[in-house]
Amino acid sequence: MPDAADLLAIAVEIVRDAGETARRMRVEGVSGVATKSTDTDVVTAADRAVERQVVDALRVRRPEDAVLGEEYGASGTHGRVRWILDPIDGTVNYLYDLPQYAVSLAAEVDGRVVAGVVRNPATGAEWTATLGGGAFHGGTRLHGSPQTELAQALVGTGFGYDPARRVHQAGVLHGLLGHVRDIRRFGSAALDLCAAAGGQLDAYYEKGLNPWDHAAGGLVATEAGLVVAGLGGAPPGLDMVVAAPPALFKPLHDRLAELDAAGGP
Ligand code: LIP
């Protein structure tokens, strides 16, 4: 059984190097901008360069492992370990030189995430977690928010790139805003999940996240004591990711279900 701490150590070393590539390329000026699913779903030369760097480094250290990356998809034979990578989560922030983007790398063993690191190259902030080993921001162990009242909760969220989905998500927001303290939309799911793990958000939800958006940040939040799930008992996934302390999870979950937050386009 590959040791989670060993996998985390490999991930941290690789993400620190890759994060420096992202930071340097940002300073030098973003290039190679293209679009993917819609005209606002961008990918840059840095996204591609960072993913290639991480995949190459993983091949050297663990050639038998599989990798799933946002930009180049799945590669490698799937033994017990699969790496899940978002080379730059928060690509629009990166494009606009807003210092709220992250390299996110998680390690799955037998289909379960056991180690994860999220690093903001612009600030050097780094979050790590291992399954059963806790979640950490730098050297500080994370325990989530003590907030128990939804009406007092600062809730993070995000919106998709498809205009029809954004209209549905705006309707959900309209139905939620009067029930919470306030909303924050920072633009990186991985960093939002880490913010919730550290209590800088009381909770977070978003529809439309891919595995690379939430694999590492979801482990950080879970290991900080948050419930991370979809609606109606579903696991976190494309339909919905909700991350909240146990006392907040049900009221937020129930309100989102009433608003059909996992539905729509
Ligand atoms: C982003 C997510 C964010 C979401 C954005 C986008 P990307 O990922 O991290 O939470 O609201 O629409 O999906 O595209 O920057 O890797």
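Every number for a ligand or one of its atoms is a count from 1 in the order of the listing.
Between Ala190 and ligand 1, no pair of N/O atoms sits closer than 3.5 Å. Considering backbone and side-chain N/O of Asp41, none are found under 3.5 Å from N/O of ligand 1. Any N or O atom pair closer than 3.5 Å counts here, and Asp192 shares no such pair with ligand 1.
In summary, the atoms of ligand 1 found under 4.0 Å from a heavy atom of Ser188, numbered by their order in the structure, are 9 (O), 10 (O). For ligand 1, the atoms lying closer than 4.0 Å to a non-hydrogen atom of Ile88 are 16 (O). If you number the atoms of ligand 1 from 1 as listed, the ones under 4.0 Å from a heavy atom of Glu70 come out as 14 (O), 16 (O). Interface of Thr91 with ligand 1, defined as ligand atoms under 4.0 Å from a residue heavy atom, comprises 15 (O). Proximity to Asp89 (heavy-atom distance under 4.0 Å) selects the following atoms of ligand 1: 1 (C), 2 (C), 7 (P), 8 (O), 9 (O), 15 (O), 16 (O).
Between the side chains of Ser188 and Asn93, no donor-acceptor pair is found at a separation under 3.5 Å. Ser104 and Asp86 share no side-chain donor-acceptor pair at under 3.5 Å.
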For this session: Check the pair Leu7, Val109 against side-chain contact (heavy atoms from CB on, under 4.5 Å), reporting the backbone distance first and the verdict last.
Result: CA-CA 10 Å; Leu7 295 173; Val109 176; 3.8 Å; yes

Problem set entry | Derivation and outcome, side-chain contact (heavy atoms from CB on, under 4.5 Å), residues Trp212 and Asp89 | CA-CA 8 Å; Trp212 45 79; Asp89 186 57; 5.8 Å; no

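Using a 4.0 angstrom heavy-atom cutoff, Asp47 does not count as in contact with ligand 1.
Considering each of Gly158, Ala189, Gly217, Ala102, the one bringing a non-hydrogen atom nearest atom 3 (C) of ligand 1 is Ala189. Counting heavy atoms only, Tyr161 comes closest to atom 7 (P) of ligand 1 of the residues Trp212, Tyr204, Tyr161, Phe186.
For atom 12 (O) of ligand 1, the closest heavy atom belonging to the protein is Phe159 O, 2.7 Å. Closest to atom 4 (C) of ligand 1 among all protein heavy atoms lies Glu206 OE2, 3.0 Å.
Taking 4.0 Å as the cut-off between side-chain N and carboxylate O, Glu258 and Arg255 count as a salt-bridged pair. Salt bridge absent: Asp110 and Arg112 never bring a charged side-chain N and a carboxylate O closer than 4.0 Å. Taking 4.0 Å as the cut-off between side-chain N and carboxylate O, Arg62 and Glu64 count as a salt-bridged pair.
Classification of the Tyr101-Tyr94 ring pair by plane angle, with boundaries at 30° and 60°, yields perpendicular.
Within a 6.0 Å radius of NZ in Lys250, no more than 12 heavy atoms belonging to other residues, nucleotides or ligands are found.
At a 4.0 Å heavy-atom cut-off, ligand 1 touches Asp86 through the side chain alone.
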